Amino acid sequence: MAVAGLILSIIGVVSALIGSFVFPILSILGLPIAITGLVLSVVAGKKQKSGLATAGLVIGIIATIFTAIDFFTCGICVLCVSSAVDNISRLL
């Protein structure tokens with residue numbers, strides 16, 4: 001379980017970094033992945049203390065923070081663009 005938490009946490013960090021620059025959809029998909037990695041690392045750390053569980057926990061926290069920032073920033077951009085399009089359509 002510690003290995004799965006570590007792998008999902010790493011995928012969460014990578015999706016946050018790639019999502020913020022290249023594919024914004026990865027930010028949306030990365031948040032549940034990062035949270036799942038964090039939960040698996042916490043559960044593995046409670047069962048047995050290992051370096052993999054600790055590494056997964058630390059990377060999972062970082063991944064969750066990064067993907068949450070990307071997720072909410074992407075949502076704010078969508079709201080701004082939709083309101084701008086709405087205002088332009090009212091002018092026409």
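For clarity, every value in this text was computed on a predicted model and none was experimentally measured.
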Closest heavy-atom pair and its distance - A53, S41: O-CB, 3.8 Å
Closest non-hydrogen atom pair between S9 and G60, with its separation: OG-CA, 3.3 Å
CD1 on I10 to CD1 on I59, rounded to 0.5 Å: 4.5 Å
From NZ (K46) to CE (M1), nearest 0.5 Å: 13.0 Å
Between CG on residue L31 and CG on residue D70, distance to nearest 0.5 Å: 9.5 Å
Point-to-point distance, once rounded to the nearest 0.5 Å, from CD1 of I7 to CG of L40: 10.5 Å
For G12 against I33, the heavy-atom pair lying closest together: N-CG2, 4.2 Å
Contact summary for A2 and L52, nearest pair of heavy atoms: CB-CB, 3.9 Å
Heavy-atom check, side chain of T67 versus side chain of S15, under 4.5 Å: yes
